[in-house]
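As structure tokens, the structure follows; a few thoughts come after it.
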Amino acid sequence: MKLLFFSLLLVALQATATEESAAPLKVLPPAQEGQLYHGAFTDNGEVENQVSVDNIKKFENLSGKDVAWVYFSNHWFGGNVIYPADNINAIKKSGAIPYIRMSPWSRQEEEVADPLISMQKVIDGVYDADLKQWAREASKAGTAIMIEFGPEANGSWFPWNGIWNGGSKRNAYGDPNWPDGPERFRDAYRHVVDLFKKEGANNITWILHIDTSQYPNSEWNDPKYYYPGDNYIDWIGITVYGQQIPTDDDWEEFVPKLTRYMPKINAISTTKPLMISEYAVIEDPSNSKRKAKWISDALNFIMSKKIPRIYAATYWHAGGWLPNEKNNFKIDSSANSLKAYKDAISDSRWISRVNLSK
């Protein structure tokens, strides 16, 4: 009788452990009202995937505050979809959460269709074996992982944008009321999420990442058409850059650029939490205080909660886009800029540890 009792108890404990392991581990908005997550791309190299504990700590020492997550790219170079174990382990060791730009291109070339990878191939399962392996490894990572499939989906600089996957046409794929290019992206994203769930990767927080510099700036390319749906996406991420190269004619301020674009974000969802997934600006050679003010204005606006659904900001701490560009995005590109960033981020509302689902 005792043997039967202990056998039944063991079965019950195993069932409970299985249920607990299958429980989703998601990044939630901060637990306390007004709190915000402090995230960063920590100067991870020109191909955006060279993460190290040293780089993370250098940024944290510069900013005066630890990061909640570290942002980096996971490219499908050569058509290979590979789990970035070293980067994830380095971020985990630092005490932060990995935030991954899953970038489905075979080479880092912008404004052109990719020669190997398309959204239709993702939908058709060409990369399923690799994605399943990626998901299985992620499920054993021992940490929550944030993933955005196809960052800045509404920007033609990336080959997963709709313009390279069917464009504005509505008669060659799927729903005739939906533009084919964005619809293929939407369905590719859904396919990836479905695969991960089937493989037991329930520790993934999924993000749709949209850029306020939408291009083409046409209705068919609006972000609502890229949205996989509430059952697939946990957060909506937003890019807001100021001036990016010295030859840009216009200086773009953070606040008006974001607020002008918010109706298109709200057209995706009025309930999902928002984050600033990328924001940065270069120095203005003619005004040594302009970048500092841009940073201060951005962070103070986010803290004001005038857009109450924004719960996080991830600064793009890196060099400029041009080769050997001295005028870069880094927070310490000048003493004024570093002081502006440190002063704002020192506010206790910016936090470094994430609230996870239980």
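For this chain, numbers begin at 1 and follow the sequence in order. The structure displayed is predicted, hence computed values, not measured ones.
Taking every heavy atom of both residues into account, A68 and R353 meet most closely at CB-N, 4.5 Å. The shortest non-hydrogen separation linking P98 to I88 is CG-CG2, 4.0 Å. Residues G79 and D130 share a closest heavy-atom pair of O-OD2, 4.3 Å. A pairwise comparison of heavy atoms in F301 and T259 identifies CZ-CG2, 3.7 Å as the closest pair. E253 approaches D297 most closely through the heavy-atom pair OE1-OD2, 4.4 Å. Pairing each heavy atom of D66 with each of H38, the nearest pair is O-ND1, 3.0 Å.
When atom types are taken as modelled, the side chain of Y37 and the backbone of N355 share a donor-acceptor pair closer than 3.5 angstrom. With hydrogens and angles ignored, the 3.5 Å screen pairs no side-chain donor or acceptor of S139 with any backbone N or O of E137. Between the side chain of Y83 and the backbone N or O of L131, no donor-acceptor pair lies under 3.5 Å. Side-chain atoms of K272 never come within 3.5 Å of backbone atoms of I207 as a donor-acceptor pair (strictly under, hydrogens ignored). Remark: side-chain polar atoms of S296 are not paired, donor with acceptor, to backbone N or O of K293 under 3.5 angstrom. Judged by distance alone, the side chain of S269 and the main-chain N or O of T271 form a donor-acceptor pair under 3.5 Å.
Legend: residues meeting ring-ring contact (aromatic ring centres under 6.0 Å, His included) with F158, ordered by chain and number and at least two apart, are W105, W160. A search for salt bridge (charged side-chain N to carboxylate O under 4.0 Å, His left out) contacts involving E110 returns nothing, not counting sequence neighbours. Residues meeting the ring-ring contact (aromatic ring centres under 6.0 Å, His included) test with F196, sequence neighbours left out: W134, W206. Looking at residues two or more places apart in sequence or on another chain, you find no ring-ring contact (aromatic ring centres under 6.0 Å, His included) involving W157. Applying the side-chain contact (heavy atoms from CB on, under 4.5 Å) rule to P273 yields the partners P29, W235, Y311; only residues at least two apart in sequence or on another chain are considered.
Listed by chain and number, the hydrophobic cluster partners of I82 come to none, as no ILVMFWY side chain reaches under 4.5 Å of it.
For the pair W76 and M102, the minimum side-chain heavy-atom distance is below 4.5 Å. Residues Y279 and L299 are in side-chain contact: their nearest non-hydrogen atoms beyond the backbone lie under 4.5 Å apart. In this structure, I307 and M262 have side chains that are in contact, with non-hydrogen atoms separated by less than 4.5 Å. Inter-residue side-chain proximity for Y232 and R186 is flagged as unmet; no heavy-atom pair is nearer than 4.5 Å. Between V27 and L356 there is a side-chain heavy-atom pair separated by less than 4.5 Å. By the 4.5 Å heavy-atom criterion applied to side chains, Y173 and D187 are counted as neighbours. A heavy-atom distance below 4.5 Å is not found between the side chains of I268 and Y225. Contact annotation: the side chain of N221 approaches that of N161 to within less than 4.5 Å [non-hydrogen atoms, C-beta and beyond].
Here the straight-line distance linking atom OG1 of T143 with atom CH2 of W69 works out to 12.5 Å at 0.5 Å rounding. To the nearest 0.5 Å, atom OG of residue S63 and atom NE2 of residue H317 are 9.0 Å apart. Summarising the geometry, atom OG1 belonging to T239 is positioned 11.0 Å from atom CG belonging to L258; distances are rounded to the nearest 0.5 Å. Taking OG from S277 and NE2 from H209, the interatomic distance works out to 4.5 Å, rounded to the nearest 0.5 Å. Taken to the nearest 0.5 Å, the CG atom of L36 stands 7.5 Å off from the CD1 atom of I302. Of the inter-residue distances, the one linking E152 atom CD with D211 atom CG reads 4.0 Å to the nearest 0.5 angstrom.
Defined by atom type and a distance below 3.5 Å, a donor-acceptor pair is present between the side-chain atoms of D128 and H191. Checked by atom type, the side-chain pair N266/R309 shows a donor-acceptor distance below 3.5 Å. Side chains of S286 and D284: a donor-acceptor N/O pair is present below 3.5 angstrom, by distance only. S337 and E283 share a side-chain donor-acceptor pair at under 3.5 Å. Between the side chains of E111 and S156, a donor-acceptor pair is found at a separation under 3.5 Å. Counting only N and O atoms by type, the side chains of K257 and S213 include a donor and acceptor under 3.5 Å apart. Side-chain polar atoms of K291 and S333 form a donor-acceptor pair below 3.5 angstrom. Side-chain contact check for D114 and S106: at least one donor-acceptor pair (N or O, by modelled atom type) lies under 3.5 Å. Counted by atom type alone, E148 and Y99 present one or more donor-acceptor pairs between their side chains at under 3.5 Å. Looking only at atom types and distance, the side chain of Q214 has a donor-acceptor partner in the side chain of D222 under 3.5 Å away.
Remark: K289 NZ is loosely packed, at most 12 non-hydrogen atoms of other residues, nucleotides or ligands lying under 6.0 Å away. Within 6.0 Å of atom CG in D86, 12 or fewer heavy atoms from other residues, nucleotides or ligands are found, so the atom counts as exposed in its surroundings. Heavy-atom contacts from other residues, nucleotides or ligands closer than 6.0 Å to NZ of K339 number 12 or fewer.
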**OP:** Given side chain to side chain donor-acceptor pair (under 3.5 Å), test Y241 with E278 step by step and report yes or no.
**Re:** CA-CA 7 Å; Y241 277 102; E278 290 182 43; 2.6 Å; yes
**OP:** Start with the C-alpha gap between F149 and F185, add the side-chain angles, then the distance that decides, and say whether ring pair (Phe, Tyr, Trp, His ring centres under 6.0 Å) holds.
**Re:** CA-CA 9 Å; F149 175 81; F185 175 90; 5.7 Å; yes
**OP:** Would you check, one step at a time, whether the test side chain to side chain contact (heavy atoms under 4.5 Å, CB included) holds for W316 with E48?
**Re:** CA-CA 10 Å; W316 188 267; E48 305 161 2; 3.9 Å; yes
**OP:** Under the side chain to side chain contact (heavy atoms under 4.5 Å, CB included) rule, what do K342 and I345 come out as? Steps first, then yes or no, please.
**Re:** CA-CA 5 Å; K342 290 182 72 172; I345 288 296; over 6 Å; no
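Ion pairing between R349 and D347 holds under the 4.0 Å rule for side-chain N and carboxylate O. Salt bridge status for D43 with K330: present, with a side-chain N to carboxylate O gap under 4.0 Å. Salt bridge K65/E60: absent, no basic N to carboxylate O contact under 4.0 Å. Comment: D180 does not engage K169 in a salt bridge, judged by the lack of any side-chain N to carboxylate O separation of less than 4.0 angstrom.
Aromatic ring centres of F72 and F41: separated by at least 6.0 Å.
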